[in-house]
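Some notes on the structure that comes next.
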Amino acid sequence: MTTNDVAVQEFWDELRKTTQARIGLGRAGNALPTRRVLELAAAHAAARDAVHIPLDVEQLAAQVREIGIGEPVLATSRATSRDEYLRRPDLGRQPSEHMAIPASGADIGFILADGLSPTALNHHGAALLAELVAQLRERYTLAPPVIATQARVGLGDHIGAAARVRTLLVIIGERPGLSVADSLGIYLTHLPQPGRTDADRNCISNIHPPDGLGYVEAARVAAGLVEGALALGRSGVDLKDTSRTAALGPTSVAQLNQGVS
């Protein structure tokens with residue numbers, strides 16, 4: 001290896017520390033090195049597994065139970081299998097005919113949904129919920145958590161309406177990629193009800209410590225959005241994340257969300 005080759009390798013090695021993207025992979029003749037090809041194949045297999053390996057509902061329920069906000073309620077969508085869930089996104093947004101959600105009238109409801117990566121919920125769901133509860137329980141009433149399978153975000157509208165919660169947080173497995181297979185998202189909807197659209201929600205994504213957003217930071221942003229939604233009376237495009245601007249001055253969350261200077 002020449003001096004120039006070493007310099008190039010060091011350049012890419014340093015740059016790769018800043019991203020999970022596949023950059024500077026090198027080459028062997030006219031192709032990628034065998035090591036890089038095998039890494040890509042392994043990442044693809046991990047992404048497929050993240051979609052298809054079912055949620056360990058029993059283990060997750062046990063972990064959620066220990067958080068202490070009530071016995072977890074189990075729910076499912078109208079999709080009767082994983083294959084149907086992937087083919088029919090509309091069924092993943094509709095509740096099963098046998099779904100029964102107790103009405104709590106709480107300020108905040110939580111749904112832990114498998115989404116497109118049950119693996120993400122297996123890895124991070126309980127820990128993220130615990131941090132959310134730690135940051136919210138002193139200021140708000142919390143409904144017993146719901147664990148939902150074969151679930152899309154829209155299923156939360158039906159569950160939230162049945163539970164009569166004011167603000168709903170759906171913790172859901174995000175679509176796996178070739179860099180990350182176990183990332184979670186939080187979708188916040190104020191006054192959830194069937195018919196809500198993505199414009200009515202706020203999303204916090206890429207939650208997968210240690211490489212992605214951490215539990216504490218994600219919960220802090222969510223707490224700020226909850227406060228803003230309650231002050232503003234709605235969520236979605238009109239609600240902005242003000243958690244990073246709190247140090248700028250005493251301007252209230254409601255003023256910031258309304259664009260008042």
Side-chain angles (χ1 to χ4, degrees), residues 60-61 63-75 95 99-113 121 124-148 151 153-172 184-205 207 215-243 245-246 251-258:
L60 181 61
Q63 294 170 338
V64 168
R65 196 174 291 117
E66 292 179 358
I67 296 172
I69 58 170
E71 181 67 20
V73 179
L74 305 184
M99 189 178 76
I101 305 296
S104 69
D107 292 326
I108 300 175
F110 300 100
I111 299 175
L112 295 99
L121 203 59
H124 305 294
L128 177 57
L129 176 64
E131 188 57 43
L132 286 165
V133 169
Q135 295 204 29
L136 295 169
R137 73 187 318 163
E138 292 185 3
R139 290 181 286 169
Y140 309 104
T141 56
L142 308 180
V146 176
I147 297 175
V153 174
L155 180 64
D157 295 331
H158 298 270
I159 295 174
R164 299 180 185 174
V165 297
R166 293 180 68 192
T167 303
L168 183 70
L169 297 177
V170 177
I171 302 167
I172 191 167
L184 285 179
I186 300 174
Y187 286 82
L188 180 150
T189 308
H190 188 63
L191 301 178
Q193 58 183 309
R196 292 294 193 194
T197 68
D198 288 343
D200 300 312
R201 315 186 202 284
N202 295 83
C203 177
I204 307 164
S205 64
I207 306 168
Y215 307 137
V216 173
E217 177 65 11
R220 187 178 68 82
V221 174
L225 289 172
V226 167
E227 183 180 357
L230 292 171
L232 194 61
R234 58 188 180 275
S235 56
V237 295
D238 293 323
L239 176 63
K240 308 304 179 185
D241 172 19
T242 61
S243 61
T245 61
T251 308
S252 69
V253 173
Q255 287 175 317
L256 285 166
N257 281 313
Q258 291 170 339

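All heavy atoms count here, side chains included; hydrogens, waters and symmetry mates do not.
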Taking every non-hydrogen atom, the tightest pair across [X] and [Y]:
X    : Y    : value
A61  : P72  : O-CG, 3.8 Å
S104 : P144 : CB-CD, 4.3 Å
L168 : F110 : CD1-N, 4.4 Å
L132 : A219 : CD2-CA, 3.7 Å
A229 : L239 : N-CD1, 3.7 Å
A75  : I159 : CB-CD1, 4.2 Å

Show me the donor-acceptor pairs within less than 3.5 Å that the side chains of residues 184-192 make with the rest of the protein, sequence neighbours left out.
{"unit_1": "T189", "atom_1": "OG1", "unit_2": "R201", "atom_2": "NH1", "d": "3.1"}
{"unit_1": "H190", "atom_1": "ND1", "unit_2": "R166", "atom_2": "O", "d": "3.3"}
{"unit_1": "H190", "atom_1": "ND1", "unit_2": "T167", "atom_2": "OG1", "d": "2.9"}

N202 and D241: side-chain contact (heavy atoms from CB on, under 4.5 Å), yes or no, with the steps? CA-CA 9 Å; N202 295 83; D241 172 19; over 6 Å; no
Residue pairs involving residues 125-135 (criterion side chain to side chain donor-acceptor pair (under 3.5 Å); sequence neighbours excluded): E131-Q135
Any heavy-atom pair between the side chains of L128 and I207 that's under 4.5 Å? yes
Quick check: do V73 and P145 have side-chain heavy atoms less than 4.5 Å from each other? no
Rounded distance [0.5 Å steps], [atom1] in [X] versus [atom2] in [Y]:
X    : Y    : atom1 : atom2 : answer
L136 : L169 : CG    : CG    : 7.0 Å
I147 : Q63  : CD1   : CD    : 9.0 Å
S205 : I172 : OG    : CD1   : 12.5 Å
L225 : C203 : CG    : SG    : 10.0 Å

Among I204, I111, L121, which one satisfies side chain to side chain contact (heavy atoms under 4.5 Å, CB included) with I171? L121
For [X], check side-chain contact (heavy atoms from CB on, under 4.5 Å) against everything at least two apart and list the hits.
X    : answer
A162 : I101
P95  : M99, L155, H158
V237 : A199

Assess the residue pair D157 and Q193 against the criterion (side-chain contact (heavy atoms from CB on, under 4.5 Å)); give the C-alpha distance rounded to whole Å, side-chain angles, the decisive distance to 0.1 Å, and a yes or no. CA-CA 5 Å; D157 295 331; Q193 58 183 309; 5.8 Å; no
Tell me the ring-ring contact (aromatic ring centres under 6.0 Å, His included) pairs involving residues 215-238, sequence neighbours left out? H124-Y215
For the side chain of D107 and the backbone of T141, is there at least one donor-acceptor N/O pair under 3.5 Å apart? yes
Just wondering, more than 12 heavy atoms not from R164 lying within 6.0 Å of its CZ? no
